[in-house]
There are 2 protein chains.
Amino acid sequence: MLATETVENYLKAIYLLQRDAAADEASMGKIAAALGVTAGTATSMVKKLVAARLARHERFGGVRLTTKGTRAALDILRRHRLVETFLVDTLGLDWSVVHDEAERLEHAISPMVLDALDRHLGRPAFDPHGDPIPRADGALQESEAMPMSELGSGDAARLVRVLDQRGDSLRFLRASGLKVGATLRVVAIEPGAGVMRIRPDGGSIVSMSTTAAARVLVRPTRSRH
Amino acid sequence: MLATETVENYLKAIYLLQRDAAADEASMGKIAAALGVTAGTATSMVKKLVAARLARHERFGGVRLTTKGTRAALDILRRHRLVETFLVDTLGLDWSVVHDEAERLEHAISPMVLDALDRHLGRPAFDPHGDPIPRADGALQESEAMPMSELGSGDAARLVRVLDQRGDSLRFLRASGLKVGATLRVVAIEPGAGVMRIRPDGGSIVSMSTTAAARVLVRPTRSRH
DNA sequence: CGCATAAGTTTGACGACTCAAACTCTAGGT
DNA sequence: ACCTAGAGTTTGAGTCGTCAAACTTATGCG
Ligand SMILES: [Mn+2]
Ligand SMILES: [Mn+2]
Ligand SMILES: [Mn+2]
Ligand SMILES: [Mn+2]
């Protein structure tokens, strides 16, 4: 609304980088990379965010959103994830393509349309990738979950979230029957090869590297084997 | 896609102005007014359209879309009207608010989302205002209809299209039970006062000026009175 | 006919966003 | 402690879309 589309993109990128960073701040280089822009462009844009009291930054230091900037970022994230949910649940698009679509649509959704969409979808708490959808008031409940790589052989679990959202990762998981909500069991672990063998309920066994498995979050289920 | 959001807006505006103009061309002043921009801005923008072979224009003359420009305009119109249909049919928004929402969303809809939307809506031929939705190939079938003002006293008809799409007109019509698809009967005509009295099926009698009625299109039904 | 007025055009400027390239700072390794 | 490679910043310039204001053209009224 008030912020330009570009500013919205910067806010969302900084929010996500900050969330994943150890020091709880986003580096200028990563901001630039996330937005596909040169470092100089990012620097001058951040200067604008600071002037608008959306972020804090000192020369050669990291970037951190203010409360106001965080609120704005959560609003954009809410739009993004609700749109993704709509594209998958209502229109039936594949979860590997919806991110790019939402990246554009998120900027064109008014509060009225957003609320109608939210109601239509049944006020979902999670998007198709298992990412939590910020509520209208900015509340964000992360789901309790552990990396699939930490499961032991024979453990059963439910897939709750996918962190690696590159298209080919998502297509591999879908093709394997590994979607959010699916239950699965660890068939075997080969620590030497760095590979786990997983059997999704009702599917056939698939092999994944433990690094790939670490980016799939699960919740262990009552194991009755 | 290729055209910028601004260019898309110009193309759509010129298409609609051209369609409604006697000389089948859009004047620079009306283009500027339609886009809320100064005449100088419109002039320079049209120059760009001409350079892109999307329009033709000679100094101090009217503006006319080329075949290429018309095709592009119809594509945008298709996105606009499908989005409006979605907002009303799927999300339940009022027909008086969807135009402004669609005005922004139309630029963020990819071919893939557009087709999924079209399928989800059952490939509708008309939008909530009765305006025809251009097909993917650019075909556009106008519906056979006459102005309600030309009905005689006692005539029955079905409302098929609303030309005046200002918010208060649309809200008046909806509040009166006059929506697309509704059947109605002319109760009385007062030529002196310039007023018609209409009874929508299952509603109560409303008065409308004949000029307002002229902007409501109907198809007469088997009159069995 | 002639000209005042409306319509359209041109010009110069600006804000938003971007890049390339020159520059400056920081931090880690010797 | 120093130096340097990498990270960050600044500068100058360009594109896009816009406005205000000066200017030009067409035309219809007297
Ligand atoms: Mn975006
Ligand atoms: Mn997502
Ligand atoms: Mn538009
Ligand atoms: Mn419409």
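Below, chains carry the letters A, B, ... as their sequence lines are ordered, and counting in each starts from 1.
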A.B. asks: When you measure from the side-chain N and O atoms of His57(A) to the phosphate of dG8(D), is any distance below 4.0 Å, counting only OP1 and OP2?
C.D. replies: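 For His57(A), the contact criterion (side-chain N or O under 4.0 Å from OP1 or OP2 of dG8(D)) is not met.
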A.B. asks: dG17(D), OP1 or OP2 - any side-chain N/O from Thr4(B) closer than 4.0 Å?
C.D. replies: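 For dG17(D), OP1/OP2 do have a side-chain N/O of Thr4(B) under 4.0 Å.
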A.B. asks: Whether Asp75(A) and Arg79(A) form a salt bridge (side-chain N of Lys/Arg under 4.0 Å from carboxylate O of Asp/Glu) is what I want to check.
C.D. replies: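 Between Asp75(A) and Arg79(A) there is a salt bridge, with a charged N closer than 4.0 Å to a carboxylate O.
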A.B. asks: In whole Å, what is the span from the CD atom of Glu5(A) to the C1' atom of dG17(D)?
C.D. replies: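 After rounding, the gap between these two atoms is 15 Å.
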A.B. asks: Kindly compute the distance separating OH (Tyr15(B)) from CG (Leu77(B)), expressed to the nearest 0.5 Å.
C.D. replies: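 Taking OH in Tyr15(B) and CG in Leu77(B), the distance rounds to 6.5 Å.
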A.B. asks: Please check if atom CD in Glu142(A) has more than 12 non-hydrogen atoms from other residues, nucleotides or ligands closer than 6.0 Å.
C.D. replies: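 Atom CD in Glu142(A) is crowded, with more than 12 foreign heavy atoms closer than 6.0 Å.
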A.B. asks: Choosing from dA7(D), dT18(C), dT9(C), which nucleotide comes nearest the side chain of Phe60(A)?
C.D. replies: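 Of all the options, the side chain of Phe60(A) is nearest to dA7(D).
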A.B. asks: Between dT9(C), dT18(C), dC25(C), which nucleotide has the shortest distance from any of its atoms to the side chain of Arg59(A)?
C.D. replies: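 Given the options dT9(C), dT18(C), dC25(C), the side chain of Arg59(A) is closest to dC25(C).
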A.B. asks: Where the side chain of Thr43(A) is defined as all heavy atoms beyond and including C-beta, which of dC17(C), dT9(D), dG8(C) is the nearest nucleotide?
C.D. replies: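 The listed nucleotide nearest to Thr43(A)'s side chain is dT9(D).
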A.B. asks: Give me the residues of residues 19-39 of chain A where at least one heavy atom lies under 4.0 Å from an atom of DNA chain D, by number, or none.
C.D. replies: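 By residue number: Ser27(A), Met28(A), Gly29(A), Ala39(A).
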A.B. asks: CZ of Arg56(B): more than 12 outside heavy atoms within 6.0 angstrom?
C.D. replies: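 No - once you tally the heavy atoms of other residues, nucleotides and ligands closer than 6.0 Å, there are 12 at most.
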A.B. asks: Kindly say if Thr41(A) contacts the phosphate of dC17(C), meaning a side-chain N or O under 4.0 Å from OP1 or OP2.
C.D. replies: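 Answer no for this pair, as no side-chain N or O of Thr41(A) is under 4.0 Å from OP1 or OP2.
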A.B. asks: Picking from dT9(D), dT24(D), dT18(C), which would you name as closest to the side chain of Tyr10(A)?
C.D. replies: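 In terms of side-chain proximity for Tyr10(A), the closest of dT9(D), dT24(D), dT18(C) is dT18(C).
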A.B. asks: Check every strand shown and say whether Thr6(A) touches a base, only sugar-phosphate, or nothing at a heavy-atom separation below 4.0 Å.
C.D. replies: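 Touches sugar-phosphate only.
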A.B. asks: Using whole Å, what does the distance between atom P of nucleotide dA16(C) and atom NZ of Lys48(A) come to?
C.D. replies: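 Taking atom P of dA16(C) as the reference, NZ of Lys48(A) is at 5 Å.
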A.B. asks: Determine whether the side chains of Ser209(A) and Thr211(A) contain a donor N or O and an acceptor N or O closer than 3.5 Å.
C.D. replies: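 Their side chains do contain a donor-acceptor pair, which is all the 3.5 Å distance test asks for.
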A.B. asks: Please check if the number of heavy atoms outside Arg123(B) that lie under 6.0 Å from its CZ is greater than 12.
C.D. replies: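 More than 12 heavy atoms, drawn from other residues, nucleotides or ligands, come within 6.0 Å of this atom.
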A.B. asks: Tell me whether Asp118(A) is salt-bridged to Arg78(A), with the criterion being a basic N under 4.0 Å from an acidic carboxylate O.
C.D. replies: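 Yes, Asp118(A) and Arg78(A) are salt-bridged.
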A.B. asks: Is any side-chain N of the basic residue among Glu103(B) and Lys12(B) closer than 4.0 Å to the acidic one's carboxylate O?
C.D. replies: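 Result for this pair is yes, salt bridge flagged.
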A.B. asks: Just report the end-to-end axis angle for the helix from dC1(C)-dG30(D) to dT30(C)-dA1(D), five pairs per end, to 10 degrees.
C.D. replies: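 That helix gives 10° between its end axes.
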A.B. asks: Between Asp127(B) and Arg161(B), is the closest basic N to carboxylate O distance under 4.0 Å?
C.D. replies: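 Asp127(B) and Arg161(B): not salt-bridged.
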